[in-house]
Amino acid sequence: MSTTRKHTALPKAQILIEALPWLVRHNGKTVVIKFGGNAMIDEDLKAAFAQDVVFLHQAGLKPVVVHGGGPQISAALDKHGIVSEFKAGLRVTTEDAMDVVRMVLAGQVQRELVGLLNQHGPLAVGLTGEDAHTITATRHQPEIDGELVDIGRVGEITAIDTGAIEALLADGRIPVVSSIARSQDDHHVYNVNADTAAAALAAALGAETLMVLTDVEGLYEDWPNSDEVISRLTASQLEKLLPELSSGMVPKMEGCLHAVRGGVTTARVIDGRVQHSILLEIFTDEGIGTMVVPDGQGDS
Ligand SMILES: Nc1ncnc2c1ncn2[C@@H]1O[C@H](COP(=O)(O)OP(=O)(O)O)[C@@H](O)[C@H]1O
Ligand SMILES: CC(=O)N[C@@H](CCC(=O)OP(=O)(O)O)C(=O)O
């Protein structure tokens with residue numbers, strides 16, 4: 001009886017031992033994880049996400065969560081009868097819409113993730129970019145067809161102050177950041193794309209890894225015609241590809257490029273619909289999505 005028990009437990013020990021080189025490699029490293037609104041599709045996935053993040057924390061890494069909430073904001077704007085449209089991949093954000101964006105991101109999505117993480121202990125602390133000047137922005141005016149367009153309260157990041165996040169990490173907490181910024185010029189709050197915020201934070205924190213969880217397998221080579229995922233590309237290869245990309249992939253891949261050029265060792269876009277995709281990506285060799293690396297690393 002006891003012999004049988006020993007044998008059945010053996011594969012579990014094997015799995016733990018296989019993870020050892022990755023545990024050693026990542027120990028003490030900061031990992032910024034962006035959890036996209038489109039990947040938060042069901043309760044099981046959200047709970048598995050929280051487990052993975054807590055696992056990283058307990059394994060000696062320093063995870064920082066930056067969350068999105070695009071679909072959740074759209075639903076709330078609909079409920080309030082506020083029409084919502086996107087220009088250059090960004091939500092046109094009127095003053096009324098900004099109130100809803102802030103309410104949904106900081107009051108709903110962030111609270112839910114903090115709650116899920118804290119089921120495992122007193123770990124997560126939520127903040128927005130407004131707190132302690134974490135994210136400062138100015139009004140962003142994208143150029144569309146050669147003209148600067150007003151898209152309201154959408155922010156372009158001008159400065160990151162990592163002090164509050166670093167203090168939380170030093171205290172053994174998991175920061176959960178909503179992508180809202182404050183402007184120093186007009187003191188208004190601004191809506192920042194969550195991919196852009198995650199990438200800027202990853203670079204400013206000197207993170208080892210930026211991981212972007214979304215609702216596709218990674219960057220498709222010829223989207224929407226084929227489901228061939230690009231598994232690895234260098235910063236320069238990505239830069240050449242950028243003009244061909246569309247919709248939600250634009251801020252994601254621009255963010256990955258910014259992060260890697262800013263000193264982050266790898267930026268990855270992975271499928272948030274796969275349970276425990278974070279663990280697969282960090283603790284095994286089977287990278288499951290798209291990995292962006294600095295130039296000079298495997299650009300053959
Ligand atoms: N080349 C591409 N590869 C993969 N997805 C792409 C590509 N180009 C555009 N997309 C679109 O980008 C979407 C992901 O971005 P987005 O909807 O903003 O997600 P999230 O809420 O996770 O930030 C995908 O669902 C897909 O529709
Ligand atoms: C300016 C802008 O577009 N902000 C985004 C912020 C949320 C976000 O980025 O959420 P996802 O990551 O789920 O797309 C928005 O209002 O939808």
Side-chain angles (χ1 to χ4, degrees), residues 32-41 45-46 49 65-78 82 84-94 96-106 108-110 113 128-129 135 137 139-142 149-157 177-181 189-201 210-231 233 238 241-256 268-274 277 289-290 292:
V32 174
I33 304 161
K34 192 276 177 150
F35 196 26
N38 279 312
M40 301 174 190
I41 41 181
L45 266 181
K46 283 186 266 190
F49 169 82
V65 176
V66 179
H67 68 86
Q72 294 79 352
I73 294 169
S74 297
L77 288 172
D78 263 2
I82 300 174
S84 159
E85 58 162 338
F86 282 81
K87 283 189 183 166
L90 301 166
R91 186 187 306 277
V92 177
T93 309
T94 60
D96 287 348
M98 188 62 227
D99 288 342
V100 176
V101 168
R102 198 178 188 207
M103 191 171 69
V104 172
L105 291 182
Q108 191 183 313
V109 181
Q110 183 214 85
L113 294 178
T128 84
I135 308 176
R139 199 183 188 94
H140 177 55
Q141 289 192 298
V149 180
D150 180 9
I151 55 169
R153 292 277 196 88
V154 173
E156 180 173 338
I157 299 175
V177 188
S178 310
S179 57
I180 299 163
V189 282
Y190 281 94
N191 180 10
V192 177
N193 175 276
D195 296 316
T196 313
L201 283 171
L210 167 67
M211 211 181 282
V212 181
L213 270 66
T214 184
D215 65 344
V216 282
E217 291 165 278
L219 178 64
Y220 292 128
E221 197 159 347
D222 183 20
W223 187 83
N225 305 314
S226 113
D227 60 1
E228 195 69 36
V229 174
I230 304 176
S231 58
L233 74 172
L238 172 58
L241 263 181
L242 278 181
E244 291 164 34
L245 299 182
S246 60
S247 62
M249 268 300 137
V250 177
K252 261 179 243 312
M253 299 320 297
E254 279 179 354
C256 288
R268 301 148 187 242
V269 176
I270 61 172
D271 196 340
R273 301 164 306 175
V274 175
S277 53
T290 298
V292 184

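Order of appearance sets the numbers: ligands from 1, and atoms from 1 within every ligand.
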Close N/O pairs between ligand 2 and protein, under 3.5 Å:
from: ligand 2; atom 1: 3 (O); to: R91; atom 2: N; distance (Å): 2.9
from: ligand 2; atom 1: 4 (N); to: N191; atom 2: OD1; distance (Å): 3.0
from: ligand 2; atom 1: 4 (N); to: N191; atom 2: ND2; distance (Å): 3.4
from: ligand 2; atom 1: 9 (O); to: A194; atom 2: N; distance (Å): 3.0
from: ligand 2; atom 1: 10 (O); to: G69; atom 2: N; distance (Å): 3.0
from: ligand 2; atom 1: 10 (O); to: G70; atom 2: N; distance (Å): 3.1
from: ligand 2; atom 1: 12 (O); to: K34; atom 2: NZ; distance (Å): 2.4
from: ligand 2; atom 1: 13 (O); to: G37; atom 2: N; distance (Å): 2.8
from: ligand 2; atom 1: 13 (O); to: G69; atom 2: N; distance (Å): 3.0
from: ligand 2; atom 1: 13 (O); to: G70; atom 2: N; distance (Å): 3.0
from: ligand 2; atom 1: 16 (O); to: R91; atom 2: NE; distance (Å): 2.7
from: ligand 2; atom 1: 16 (O); to: N191; atom 2: ND2; distance (Å): 2.9
from: ligand 2; atom 1: 17 (O); to: R91; atom 2: NE; distance (Å): 3.4
from: ligand 2; atom 1: 17 (O); to: R91; atom 2: NH2; distance (Å): 2.9

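Under the 3.5 Å distance criterion, the side-chain polar atoms of T290 are matched with a main-chain donor or acceptor of L219. Here the side chain of R153 pairs no donor or acceptor atom with the backbone of A97 at under 3.5 angstrom. Of the possible polar contacts, none joining the T214 side chain to the G36 backbone as a donor-acceptor pair under 3.5 Å is found. Side-chain atoms of N193 come within 3.5 Å of backbone atoms of T196 as a donor-acceptor pair (strictly under, hydrogens ignored).
Atom CD of Q141 sits in a crowded spot, with more than 12 heavy atoms from other residues, nucleotides or ligands closer than 6.0 Å.
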- request: Apply side chain to side chain contact (heavy atoms under 4.5 Å, CB included) to S74 and R91, showing your working.
  value: CA-CA 9 Å; S74 297; R91 186 187 306 277; 3.2 Å; yes
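E156 is linked by a side chain to side chain donor-acceptor pair (under 3.5 Å) to H140, counting only residues two or more places apart in sequence or in another chain. With sequence neighbours left out, the side-chain contact (heavy atoms from CB on, under 4.5 Å) criterion links V92 to E85, K87, I151.
Under 4.0 Å from any atom of ligand 1, one finds heavy atoms of residues K34, G36, G37, N38, D195, L213, T214, D215, V216, G218, L219, Y220, W223, S246, S247, G248, M249, K252.
Classification of R273 and D215 as a salt-bridged pair fails, no side-chain N sitting under 4.0 Å from a carboxylate O.
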